[in-house]
Amino acid sequence: MTYVIEGKKDSWQVVLGLEVHAQISSKSKLFSVASTNWGSDPNTQVELVDCGMPGALPVINEYCVDQAVLTGLSLNAEIKKMSIFDRKNYFYPDLPQGYQISQFEHPIVGRGHINIEIEGKVKKIGITRLHLEQDAGKSLHDQDIKNSYIDLNRSGCALMEIVSEPDLSSPIEAAEYVKKLRSILRYIGSCDGNMEKGNLRADVNVSVKREGEKLGTRCEIKNVNSIKFIQQAIEFEAKRQVDIIENGEKIIQETRLFDPNKCETRSMRSKEESHDYRYFPDPDLPPLIISDEKVISLKEKLPELPDEKKDRFMREFNLSSYDAEVIVNDQGTANFFEKIVKGRDSKVVTNWITGEVFSYLKKINKDIKNSGIAPEKIGSLIDLIVDEKISNRQAKEVFEEYMKSMDDATTFIEKKGLAQLSDQSEIYKIIDKVLSDNPKMVDDYNNGKEKLFGFFIGQVMKISKGKANPKLVNELLVKRLKE
Amino acid sequence: MNDFENLSISSAIEGLANKNFTSLELTEFFIKKIEKNKDLNCFITSTFDKAIEMAKISDQKIKENEARPLEGIPIGMKDLFCTNGVRTTAGSKILENFVPFYESTVSNNLWNSGAIMLGKTNMDEFAMGSANTTSFFGNVKNPLGSKVNKELVPGGSSGGSASAVSSGLCLGSTGSDTGGSIRQPASFCGLVGLKPTYGRCSRFGMIAFASSLDQAGPITKTVEDSALMLQAMVSFDKRDSTSSRQSIPDFSDFKKLSIKGKRIGIPKEYMIDGLNSDIKKIWDSGISWFKSEGAEILEISLPHTKSALPTYYIIAPAEASANLARYDGIRYGFRHNADDLNDLYQKTRGFGFGKEVKRRLMIGTYVLSAGYYDAYYLKALKVRKLISQDFEDSFQKCDLILTPTTPNVAFAIGEKQTNPIEMYLNDVLTVPASLAGLPAISVPSGFNSEKLPIGLQLIGKPFDEISVLAAGAVIEESRGF
Amino acid sequence: MSIDNSTVKKVAKLARIEINEEEETTLIIELNNILGWVDELKQVNTDSVEPMLSVFNESMQMREDKAESNFDNNQILDNSPESNSGFFVVPKVVE
């Protein structure tokens, strides 16, 4: 379904392009040996380049180059044999050199694409380019009434800027695109994808047009740092633009900021002053040459990527496209799934992982990889359910407790006295007790009040403290009542 | 006390080794001499206590037969090289109080070779100038002015370094050369100035003017001293991405190299309008000296010579406009207080930089700005390629190129101040080799009618400093003084 | 191409250099002179000439990804005109 904004007069489509900034998961910065650790005291991870000292010179981090190449490969993109670092000149207190080292005309990675899935349909989203650049420092504006405070710990950290084609046409597509991109980055390990820490953030280019029209004037919303905010920002901004155009005014191309509290975008005046960045090749850095050997050896290091894994899971384990997408989104989950699913029912395994396991993880605020949950712990529990040693309901009830315990599934249910009652004579005993305790109901049942069957089941389960095998209770009760 | 005024580095090393004098005696001599000659204004910051301390260590090393190559040799350090714990200003108000907490590779290499720092020498602000008149710390005088009863410029930008060596305030000094800043002052002060191949000396810790051109080098009394200092200064430095990994020869091997049979190119385009006739005469003498040493002389053509200076005055200011953006009054240096950030930037830079620097920052900003990049900056990069290609072609035919260093001898302080271009023309013969990154030396070769020194320039193939030094030695031996 | 008042103002603003009226007048003359002089490059035929980015033609050395801490907060802030609690301080920035 196409995303359409109904204005007062016309129907409007949105055209979206994203510039995603992904911080590379390196130990040291792009051009300096300072640490990239997060959350240290201000200005403690600063080398000469990072604070623009006189005579400081940049020296490139090979790991960052490799990660850019790996990322390029996983975006099905062209790796450029030669790329050039440029200086992007502007004055800002958190930009200590007075320029940002970036790549302008000759980025390290050229055209590529990724696939996203929207309502069961695959859509190909073009990647224009990926380039390497330095991050800026941080300005804190709310510490003091008159002053801003500058921390340069982040200054010089390596960023990959991944630019998409304007192929996205709804907030949900933008969200899926970022999710997919993040998933890929995490698979190859080039970026941890942590949006809260700002390690992944997006500039969103938004424009609107009537069907069949050419691209409209766009506004760029800077530094949006959650998927939810990206969607909200687009919704607001697109509506704002429609209102302006329908009022007979024109969109001014500008940089805007999203305010999550008010859920609106506003003009960023500080960035508007001068857009003349005077890019020119940085004379401190020779051209970056990527050898064929390097590309080949990095290609060999590429893991199975989300799309490949999804196809394989659908093929090998007979998963639906939806289930496979959910499972492969996070590499840890996919590995976890694969460890459990061998020799087990894939549908049951999927349901348990996407159901109980996911909600438990949410509760403890961890991802599956860091949760410490052993795949066998879930696997053995599933086995007990399938073997009818414990009911599905029981398993769900005690799941959290089970996760916290050190016991394996069998020991746990034994200790809890949860083992399912499947002894026919024991069950008959309970059934007989229930029937003899309720002669009136038995009569009513026999006279056609079949609803009462559920009541008898409930009573049996109650007396057995939920341990009776429900399937067996059902079977035996039917038999008894017929007698 | 000995008179060390005319001592060369090589003879000082000998004297120290033979225990004719100590490094402390040498150092104290120069300290006194510097104090007596304050009017020359050669030093921005003196480091006498440090020098004495270093001299004592050197004497100890010499005593223990552990002398390093430049053990106990007092030198001047251009104030462009960051020195740990010692104020480094680049001749600018904007860095008036800047004290680095790190050491440049070149200065570090020199200290590790045993050299002693007497102080930081005066220079044109951010190395932008050809007369040392743009320094915030005042102009430097050329000691040779006393010969003609005039106040002469020492040349620039390494004017303090050249004047200090020329007046015997130190045994040698460091310079930096972007378009001629070592060779031109060396020529004006009757000294040897060597700009090595781009990439030979690390630029780490050397305050940048134009990064694709900046190169450190020595200013000394003799060619041999030049080789000695160069040896100590060069290194491959992993902290500079444009530092060369070419193997480093023993530069003193220049003494073993005969110039006989070498082909010396004489570029006809260097015969420019306005070339001083005395200088032309010395150039002719130079040709004859090489002939009599058995070198082959041939006329060559470097067709794009005329375009070199305009090319330089686009590229260097463009790079400088970015290199000097960091001087914003926030993390170090001069700050002009203001309530508003923009005001702080504009006032800090408006008051912190001198006229010439501001002029070049304006040009550099303009030629990179939207709409002018292609016409100026990109065009200049292309012409630079042609200039470099000219040299490459010529070096197919010849081994070295012989030219004058400057079109004129040292001029009076205050001259050439009305029109910036007039000042820029000083570098017309040195800039082409800078643009091509080639090694080049200026060697004193004679005098004009007023007895002011004239230097000849030798330009070599990339990384062939040895031939340049060998040819320089030929001039030294042939010139008759 | 000639430089007028507004161009000088615009360039000075880009370069963040405050200039007074007198400087502005001088700069207009000087910059026009200099740019007029460098304009002679236009006569050089550079068709099919590749721009020369650097004379340095060795490949770029790359660094191993190892974090070091060579300077402490005091050293970094020591030269700063104004600092507080480990931060550099500037007049308030309005975003």
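Letters go in sequence order (proteins before strands), and every chain restarts at 1. The analysis underlying the following values was restricted to heavy atoms, covering all of them including side chains, and did not include hydrogens, waters or symmetry mates.
- Closest approach of Gly98(A) and Ala325(B) over heavy atoms only: CA-CB, 3.8 Å.
- Judged purely by atom type and a 3.5 angstrom limit, Ser241(B) has no side-chain atom pairing as donor or acceptor with the backbone of Pro286(A).
- In this structure, the portions of Asn323(B) lying under 4.5 Å from any heavy atom of chain A include both its backbone and its side chain.
- Counting heavy-atom pairs closer than 4.5 Å to chain B, the top residue among Ser148(A), Pro281(A), Pro283(A) is Pro283(A).
- Counting heavy atoms from C-beta on, the side chains of Phe126(B) and Pro54(A) never come closer than 4.5 Å.
- Tyr332(B) and Cys51(A) make their closest contact through CE2-O, 4.1 Å (heavy atoms, listed as atom of the first residue, atom of the second, distance).
- Ion pair Asp284(A)/Arg203(B) flagged as a salt bridge, since at least one NZ, NE, NH1 or NH2 atom sits closer than 4.0 Å to an Asp/Glu carboxylate oxygen.
- Atom NZ of Lys294(A) is surrounded by more than 12 heavy atoms from other residues, nucleotides or ligands within 6.0 Å.
- Atom CZ in Phe98(B) sits 5.5 Å away from atom CE in Met53(A) (nearest 0.5 Å).
- Side-chain contact between Gln346(B) and Phe91(A) is absent, with no heavy-atom pair separated by less than 4.5 Å.
- Tyr279(A) OH to Leu368(B) CG: the interatomic distance, rounded to the nearest 0.5 Å, is 13.0 Å.
- For Ser104(B), no part lies near chain A; criterion is any non-hydrogen pair under 4.5 Å.
- Using a distance-only test at 3.5 Å, with no hydrogens or angles considered, no donor-acceptor pair links the side chain of Arg87(A) to the main chain of Ala322(B).
- Minimum heavy-atom separation, Leu57(A) to Phe204(B): CD1-N, 3.5 Å.
- Looking at Leu213(B), neither its backbone nor its side chain comes within 4.5 Å of chain A, counting heavy atoms on both sides.
- When heavy atoms are compared at a cutoff of 4.5 Å, Phe81(B) does not approach chain A at all.
- In this structure, CG in Asp276(A) is found 5.5 Å from OG in Ser369(B), a value given to the nearest 0.5 Å.
- Donor-acceptor pairing under 3.5 Å is recorded for the side chains of Arg326(B) and Tyr99(A).
- Using a 4.5 Å cut-off between heavy atoms, Ile330(B) touches chain A through its side chain atoms alone.
- Here the side chains of Arg331(B) and Ile150(A) are not in contact, with every heavy-atom distance at 4.5 Å or above.
- Note that CZ of Phe280(A) is 6.0 Å distant from CD of Glu319(B), once rounded to the nearest 0.5 Å.
- Neither the backbone nor the side chain of Ser202(B) comes within contact range of chain A; no heavy atoms are under 4.5 Å apart.
- Looking at Ala318(B), only its backbone comes within 4.5 Å of chain A, counting heavy atoms on both sides.
- Heavy-atom neighbours of Lys138(A) NZ from other residues, nucleotides or ligands within 6.0 Å: at or below the threshold of 12.
- Separating the OH atom in Tyr377(B) from the CZ atom in Arg278(A) is a distance of 13.0 Å, to the nearest 0.5 Å.
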